[in-house]
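First the structure, in the form of C-alpha cells, and then the observations on it.
All values derive from a computational prediction rather than experimental measurement.
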Amino acid sequence: MMTSTILAKVKKILKITVCAVFWIALWHFAAKFIDKAWVLPTPMRVLEVLLELSKTENFWISIKNSVFNVILGYFYGALIGIVLAILSH
C-alpha cells in the first residue's frame, strides 16, 4: 500500500517534469528558429537576465509592488463579490 502511494507520487513528479521539459524545449527551438532575441529570447537568455536583475534593488521593489497589487486586487474582488451576493438576496 505504501509502495503504491510512493509510485503515484513519483509518476506525478515525472509527468510534471516531462511536461516542463517539453514546453521549455519547444520554447528553445522556437526561439532558435525565429532567431530574433527581441521577439522570442531563449530560455537560457531569460534566465541569465533574470539572475542579473535579481541583484538589483529595483527588481525586488517591482516584485513587492506586483505581489501587493495581486493581493489587493484579490481582496477588492472578494469584497465586491460579497457585497453583490448580499445585495442579490
Side-chain angles (χ1 to χ4, degrees):
M1 183 164 174
M2 186 72 124
T3 307
S4 63
T5 306
I6 294 171
L7 187 59
K9 287 181 182 181
V10 169
K11 283 184 179 181
K12 184 177 180 180
I13 291 170
L14 184 61
K15 182 178 178 182
I16 291 169
T17 303
V18 167
C19 286
V21 168
F22 170 77
W23 287 112
I24 292 172
L26 183 66
W27 172 13
H28 173 78
F29 290 120
K32 290 296 184 179
F33 178 76
I34 292 172
D35 199 27
K36 289 181 176 60
W38 55 273
V39 174
L40 184 63
T42 63
M44 189 55 97
R45 181 63 184 141
V46 171
L47 183 61
E48 289 169 359
V49 172
L50 179 63
L51 291 175
E52 287 175 26
L53 288 174
S54 70
K55 296 174 187 174
T56 66
E57 184 179 355
N58 284 340
F59 175 81
W60 294 107
I61 290 170
S62 295
I63 295 292
K64 176 189 66 89
N65 290 339
S66 294
V67 169
F68 177 75
N69 287 335
V70 167
I71 292 170
L72 192 63
Y74 183 83
F75 173 75
Y76 283 147
L79 185 64
I80 291 169
I82 290 168
V83 169
L84 290 175
I86 290 170
L87 291 175
S88 70
H89 280 92

Does the Trp27 side chain pair with the main chain of Thr42, one donor and one acceptor, at a distance under 3.5 Å?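 Checking the backbone N and O of Thr42 against the side chain of Trp27, no donor-acceptor pair under 3.5 Å is found.
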
Working to the nearest 0.5 angstrom, can you tell me the gap between [X] [atom1] and [Y] [atom2]?
| X | Y | atom1 | atom2 | value |
| --- | --- | --- | --- | --- |
| Lys9 | Thr5 | NZ | OG1 | 7.0 Å |
| Lys12 | Thr17 | NZ | OG1 | 12.0 Å |
| Asn65 | Asn58 | CG | CG | 10.0 Å |

When you group the ILVMFWY residues by side-chain heavy-atom contacts below 4.5 Å and let the links chain together, are [Y] and [X] in the same group?
| X | Y | result |
| --- | --- | --- |
| Leu50 | Val67 | yes |
| Leu26 | Val39 | no |
| Phe68 | Ile61 | no |

ILVMFWY clustering at 4.5 Å (side-chain atoms), partners of [X]:
| X | answer |
| --- | --- |
| Ile82 | Ile86 |
| Leu14 | Val18 |
| Leu47 | Met44, Leu51 |
| Leu87 | Val83 |

Restricting to non-hydrogen atoms, name the atom on [X] and the atom on [Y] that form the minimum distance, rounded to 0.1 Å.
| X | Y | answer |
| --- | --- | --- |
| Phe59 | Leu53 | CB-O, 3.0 Å |
| Pro41 | Val46 | CG-CG2, 3.7 Å |
| Ser88 | Ala85 | OG-O, 2.8 Å |

Check whether any side-chain heavy atom of Lys36 lies under 4.5 Å from a side-chain heavy atom of Leu40, and answer yes or no.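 They are not in side-chain contact.
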
Who passes side-chain contact (heavy atoms from CB on, under 4.5 Å) against Lys55, sequence neighbours left out?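 Once residues adjacent in sequence are excluded, Lys55 has no partner under the side-chain contact (heavy atoms from CB on, under 4.5 Å) criterion.
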
For Phe29, side-chain contact (heavy atoms from CB on, under 4.5 Å) partners two or more places apart: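 For Phe29, the residues satisfying side-chain contact (heavy atoms from CB on, under 4.5 Å) (neighbours in sequence not counted) are Ala25.
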
Is it the case that atom CD in Glu57 sees more than 12 heavy atoms from other parts of the structure closer than 6.0 Å?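 Open.
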
